[in-house]
Structure formats: structure tokens, C-alpha cells
Amino acid sequence: MSARILVVDDIEANRRLLQAKLEAQYFNVLHAENGKQALDLARAQMPDIILLDVMMPGMDGYEVCQRLKADPRTSFIPVVMVTALSDTEDRIRGLEVGAEDFLTKPVDDFALMSRVGALMRYNAVASELRQRQASGLKAGAVEAISEEELNRSARAFIIDDNPRTSARIATMMREAGHSATTLLEAGDMSNLSEMGVDILILSAASKAFDALKLCAHFRMTEATRAISMLLVCDQADTSKAGRGLQIGANDVIFSPVDRLELLARVRTQTRRSRYIDMLRKRVDRGLELSVIDQLTGLYNRRYMVDQLQQLMQRSVMGGKPVSVVMCDIDHFKSVNDTYGHDAGDEVLQEVATRLRENVRPSDIVCRPGGEEFMVIMPNTAGDLACAAGERIRRAVASRPFSVSGGRREITLTISAGVATINGPDDTMADLMKRSDTALYQAKSGGRNRVESIAA
């Protein structure tokens, strides 16, 4: 998997060195020699990852990162701070302004590629979800990403067989307002998904289990795949840290664990996992909005047409019939004229409810528009569809409709037209026309009835 990486450093030799390392792994590399160039290039080229030097004249890396994260156009681009500084305070400052990670000069090849690889996996998911959202949703169709939700307290599960170190990390988390459960307290790891865990903190020094094997297991298991993982490693064991990032850990922190760095990394990782979760929900919601009628909760015309086409094709191939029942509320205009459009909406919603309650799970109930409804019935011959239409008609007419907030009751009926696929040459337009004709006959014949046209 390749990526476009922006390298920001005021020293050309440093830029060229990183470029050589990255291009050897087939990454596309962009250059910036100061903060202003970095901001301009980030907005114009939209790199996948930014490697950002901290110590630069004028605008330093911290300020550049802060500006990148404050700009909606670039806020989602992962930033890795590259610095000769190795103090914990410097790492914490970088994490607090929004950096995803740190690399210390001279940059180790293995550490570089491990960090880049971990960020690319995150980027791939986030980028795909953003693209799906942008192409599938209209502006304003869903709620914005909630900062409050992103920043709420984390729920951590600490996997460490050392009672002292696991209790120390748990205490750090709890004192900061997070919830934390240790493996020693829980006894096992069988219900992580039910616990709503946001982040797993795994000790690579544990003797009772292999932390890297657990990383691989959690990343491959459906129930835990989306949970962030923070690997705690000894400072001398950078190879294990890098391997952990390759296998699936989201981040690494070195022991002895600094409290402020732990909290900063937990915050970063939980924000990222929640951001992905929110994007997924927004995409799902967008897909739902594209096929669901918002008033009644039934499928809309777009979905109806798509499903009917597919079912007719399957019917031709498999020989099993498909039928449709087209329904129309009798004298619906008078409801709107007499009681108002709000009452009309209540009627439409209640008709939708009665339709859903009187069809099979396999039937597809749609509202193509206005006061019309259609039920698509797979594997259903005409006589069974007529019986279903009659059941629906009786359900609508059986009891009054409560409208105007329950202050009024009105009696309504529906008319229905039934049509069934008629051989391999039958088209959807033919089937729809026959159901419309049958519905017209039901209306003309006195309403509150079901008519059928077989062919």
C-alpha cells in the first residue's frame, strides 16, 4: 500500500534522508522547508501522512501541527513529529497539539516504517469512509461529528500479569476520570465487547501470555477489531514495539510509563477510534436516508425499483413468481383538506404501521410517493398475493385512525391492485402498469376492495 507523505524540515539533508528511506519503500514524497510551505502544501496536495520537524525557525512544528488540526481541510491528516528532543514533556506537548506520534532523530528505518504502516491502516479506513460519505450524502443529511462524544472519558482494559504495574496504570486512568479494569480484576478477556472497551493497554513484558499474539488475535476478531490497542514496551525493545505496530497495535508507549504521556496517548487513540465509529454510523445513516422514506420509515421508490428489478430477474431464472400489491388510501385528499396536513401525515404513518404488521418478513413494503404504498412479495403467486391484499385492506378498515394528537378519530379505507410476473418477457414497466390498472378498477368499482390482473 503506497501513500503520499509530506516531509517538513528546514534542513535539506534531513529532508533528503527521509525521502530516500521512504522512496525505497515506494512512497511518494513531498517537501516543505518551513511551516508556511507545509500548511500551503498540506491544503493543496492533501498528503496521507505528514512527517513534521519540531525545531524550525519562525513557525515551529508544534504551531504548524496546531494549525493543521484546527483547519477542517487538513485536520484528519495524521502528523508524526520528528525531533532530536526525547524528553517526555516534548512528546506530551506534541500529542496535546494533535500529533499522532513521535519519531526521534536519527530516525530508525524500522521505527519509521512501523509508524507509517500503522497510520496508513488507519488512514485507509478513514479515507474510504469519508469518500463514501461525501459521494453518498447530501449536505446536512446527518449530524456533525460531536466533539463531546470524541472527548468523553475512555473505558480501558489493562492486560498485564504484573499486579503492581497494572494497578499503577489503572490508578493513573481512574484519577484522570477514565474507567479502567485490569485483567487481574476481571479474571478473563471473554466479554470485552460487552464491556464497551475503548482501548486495550497491553504489556509486552507479561510472562503469562504473548502480547503480540494477543494484538494479532484482537485485530482479527470481529468483536474486538475496532478497539484501539496501546502496547507498553521496554525502551530497549524497539524491535518488539515496531513489530507490534505492524501486527495491529495502534500505538506504543515505553516503560516506565509517564502519567501525562499515557493520558495523552489514550486520548489520541480513543478519539481516533471514535472518529472512525462515527464516520461508519454517518455512512450507514446516509445509506439509510437514500432508501428510506423519512415520514413512514418504509422503503422509498428508489429502493422499490431496485428490489423489484432484482426479484423479477431471479423469478425468471428460478421459476418462482413475484407479485406486487399496489395500495392507495381512499379519499385521502379530504383528510388533508378537513383536518390539515399534520393529520394526513399521521394517517400515512399509521397505514405504514398496519402494512408492516400484516405482511411476511420477506415482503418489501414501500411508499413510492403520496398516499400510494406498494408491497413486493417474492415467491408469491397471484392468488396468495390477493389474499395478502385482502388481509391488508381489512387491517386498515378494521379500526379508526387517531389524528390531531389523539383528539379525533376518522375511518379510512384503502383500495388495492394486484399483479404477478407473467413469464420471462415480462418487464417491470408491464408489471407496474397491470397493478396500476387493477388499482384503478378497485377505485372505479366502489373503493375499499382488492382487484387483480393476472396478465
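Along the sequence shown, residues carry numbers from 1. Worth knowing before you read on, the calculation uses all heavy atoms, side chains too, and leaves out hydrogens, waters and symmetry mates.
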Would you mind reporting whether [Y] and [X] have side-chain heavy atoms less than 4.5 Å apart?
X: Leu183; Y: Phe157; result: yes
X: Leu6; Y: Leu51; result: no
X: Leu311; Y: Ile376; result: yes
X: Gln441; Y: Ser444; result: no
X: Glu100; Y: Met81; result: no
X: Met374; Y: Val365; result: no
X: Val7; Y: Gln19; result: no
X: Leu262; Y: Ile201; result: yes

Please tell me whether [X] and [Y] have a donor and an acceptor in their side chains that are separated by less than 3.5 angstrom.
X: Thr380; Y: Arg360; answer: yes
X: Asn250; Y: Arg265; answer: no
X: Ser415; Y: Asp328; answer: no
X: Gln310; Y: Asp306; answer: yes
X: Ser323; Y: Thr420; answer: yes

Counting N and O atoms only, with roles assigned by atom type, does the side chain of [X] sit under 3.5 Å from a partner on the main chain of [Y], one being a donor and the other an acceptor?
X: Arg407; Y: Val403; answer: no
X: Thr221; Y: Phe218; answer: no
X: Gln309; Y: Met428; answer: no
X: Thr74; Y: Leu68; answer: yes
X: Thr296; Y: Gln349; answer: no
X: Lys69; Y: Ile77; answer: yes
X: Ser334; Y: His331; answer: yes
X: Ser404; Y: Gly406; answer: no
X: Glu451; Y: Gly417; answer: no
X: Glu175; Y: Met173; answer: no

To the nearest 0.5 angstrom, please state how far the [atom1] atom of [X] sits from the [atom2] atom of [Y].
X: Ile247; Y: Cys215; atom1: CD1; atom2: SG; result: 6.5 Å
X: Thr181; Y: Arg155; atom1: OG1; atom2: CZ; result: 11.0 Å
X: Ser362; Y: Met377; atom1: OG; atom2: CE; result: 9.0 Å
X: Phe209; Y: Ser203; atom1: CZ; atom2: OG; result: 6.5 Å
X: Leu412; Y: Glu371; atom1: CG; atom2: CD; result: 11.0 Å
X: Cys366; Y: Arg302; atom1: SG; atom2: CZ; result: 13.5 Å

Cation-pi check, Arg408 onto Phe401 ring (under 6.0 Å, within 45° of axis):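 So Arg408 doesn't make the cation-pi contact.
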Any salt bridge linking [X] with [Y]? Criterion: basic side-chain nitrogen under 4.0 Å from a carboxylate oxygen.
X: Glu63; Y: Lys36; answer: no
X: Glu357; Y: Arg354; answer: no
X: Asp198; Y: Arg272; answer: no
X: Glu261; Y: Arg259; answer: no
X: Arg67; Y: Asp71; answer: no
X: Lys333; Y: Asp337; answer: yes
X: Asp293; Y: Arg367; answer: yes
X: Glu96; Y: Arg93; answer: no
X: Asp277; Y: Arg274; answer: no

Taking all non-hydrogen atoms of both residues, which atom of [X] and which atom of [Y] are closest, and how far apart?
X: Glu372; Y: Pro368; answer: O-CD, 3.3 Å
X: Leu202; Y: Ala211; answer: CD2-O, 4.0 Å
X: Arg4; Y: Gln45; answer: NH1-O, 2.7 Å
X: Ala180; Y: Glu185; answer: O-OE1, 4.2 Å
X: Ala38; Y: Val64; answer: CB-CG1, 4.2 Å
X: Val418; Y: Ala385; answer: CG1-CB, 3.6 Å

Derivation and outcome, side chain to side chain contact (heavy atoms under 4.5 Å, CB included), residues Leu39 and Arg43: CA-CA 6 Å; Leu39 294 172; Arg43 292 165 186 148; 4.0 Å; yes
Full working for side chain to side chain contact (heavy atoms under 4.5 Å, CB included) between Phe102 and Val80: CA-CA 5 Å; Phe102 257 84; Val80 179; 5.8 Å; no
Test log, rule side chain to side chain contact (heavy atoms under 4.5 Å, CB included), inputs Asp330 and Asn448: CA-CA 7 Å; Asp330 297 327; Asn448 191 25; 4.1 Å; yes
Can you confirm whether [X] is buried at [atom1], in the sense that more than 12 heavy atoms of other residues, nucleotides or ligands lie under 6.0 Å from that atom?
X: Phe332; atom1: CZ; value: yes
X: Tyr299; atom1: OH; value: no
X: Arg356; atom1: CZ; value: yes

Step-by-step side chain to side chain contact (heavy atoms under 4.5 Å, CB included) determination, Val347 to Tyr339: CA-CA 11 Å; Val347 166; Tyr339 304 103; over 6 Å; no
Sole candidate of Val29, Leu112, Val8 that passes side chain to side chain contact (heavy atoms under 4.5 Å, CB included) when paired with Leu18: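 Between Leu18 and the candidates, side chain to side chain contact (heavy atoms under 4.5 Å, CB included) is satisfied uniquely by Leu112.
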